[in-house]
Participant: 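This structure is in structure tokens; I'll ask about it shortly.
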Amino acid sequence: VLAWWNVMTADREKPFRQAQTLDQQHSLTQFRVATEASRTALWHNCPETGETWYSDVWFLLLGYQPGAFKPSFDTFLNMMHPEDRSYTVAAFQDLVEDRVSLYAADFRLRAADGSWRWIGATGAKVFREEAGLPYLVCGMQRDISDRKETEAKLAEAARTAEDRRQLLNNLAENSPTALFEFRMDADGTITLPYVTSGVAEILGVTQEDIAKDASAVFQNIERDDLEE
């Protein structure tokens, strides 16, 4: 009777186990399609054993065929721009030594065509103690070259604007005239966002007076002239 019950129980549970397996397979397929469509590369590394794995997208992001070379931490570092290695390794070690709970770094990797591609990577520890295995550092990474190019252009534009501002300031300060920007709000509040030193000299007030109260520029002007 007990044997019969075990067989019947197994038969009843079989469809549920099959459904669970199919559901897991479906979830894995969805995850794989999502990462490939979004060009998100997956990877893992075991600091204790050196075991390293890269997804197909990891290779494709850099123009390599999947499995073009054996993944390893040393290979990863050899592909990295020399200027980026020290802080990337330091960020990884911070995770390994539990100083942080999330690894995150932006670095450049050499692509198959010889160009440098900016990569943004994140990772975290995945423990496998129940299976008697050492932990893995699992993560994802994406090509952020376009974002880095945009950031570089914005930084260059900011530097150019600052250089031009300094040039205008030098020209204004060495001009025999005085330059200023005058603003009056709806409530009558006066501000002078931009003032050259010539304004204070011509009007007989100090820069400190103007900074405290912009209306100080009028204190030495005849009332009749102000009304005009």
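Note that the structure is a prediction, hence the values are computed from the model and not measured.
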Participant: Does the plane of the ring in F76 sit parallel, tilted or perpendicular to the ring in F73? Use 30° and 60° as the thresholds.
Facilitator: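 The arrangement is tilted - the two ring planes meet at 30° to 60°.
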Participant: Taking all heavy atoms of A121 and all of D106, pick out the closest pair and write down the distance.
Facilitator: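 That would be N-OD1, 4.4 Å.
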Participant: Are F107 and Y87 near enough that their ring centres are under 6.0 Å apart?
Facilitator: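 No.
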Participant: Take atom CD in E129; do more than 12 heavy atoms of anything else shown fall under 6.0 Å from it?
Facilitator: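 Not buried by this count: 12 neighbours or fewer within 6.0 Å.
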Participant: If you look at every heavy atom in M79 and Y64, which pair is closest and at what distance?
Facilitator: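 Here M79 and Y64 meet closest at CE-CE1, 3.8 Å.
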Participant: Which atom pair, heavy atoms only, marks the closest approach of R108 to E83?
Facilitator: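 Closest approach of R108 to E83, heavy atoms only: NH2-OE1, 3.2 Å.
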Participant: If the plane angle is over 60° it's perpendicular, under 30° parallel, otherwise tilted; pick one for F92 and Y103.
Facilitator: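 Ring orientation, 0 to 90° scale: perpendicular.
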Participant: Rounded to the nearest 0.5 Å, what separation is found between the OG1 atom of T40 and the CG atom of D143?
Facilitator: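 Interatomic distance, T40 OG1 to D143 CG, rounded to 0.5 Å: 11.0 Å.
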Participant: Can you tell me how the ring of F69 sits relative to the ring of W58, calling it parallel under 30°, perpendicular over 60° and tilted otherwise?
Facilitator: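 Taking W58 first and then F69, their aromatic rings stand perpendicular (interplane angle over 60°).
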Participant: Tell me, yes or no, whether the heavy-atom count around R164 atom CZ, taken from other residues, nucleotides or ligands under 6.0 Å, exceeds 12.
Facilitator: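 Count not over threshold, so no.
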Participant: For E97, does the CD atom have more than 12 heavy-atom neighbours from other residues, nucleotides or ligands under 6.0 Å away?
Facilitator: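 Enclosed: over 12 neighbouring heavy atoms sit under 6.0 Å from CD of E97.
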Participant: Side chains of D187 and T189: donor-acceptor distance under 3.5 Å anywhere?
Facilitator: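 The criterion, which ignores hydrogens and geometry beyond distance, is satisfied for T189 and D187.
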Participant: Contact between W43 and Q141 at the side-chain level, heavy atoms closer than 4.5 Å - yes or no?
Facilitator: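 Contact flag for W43/Q141 side chains = yes.
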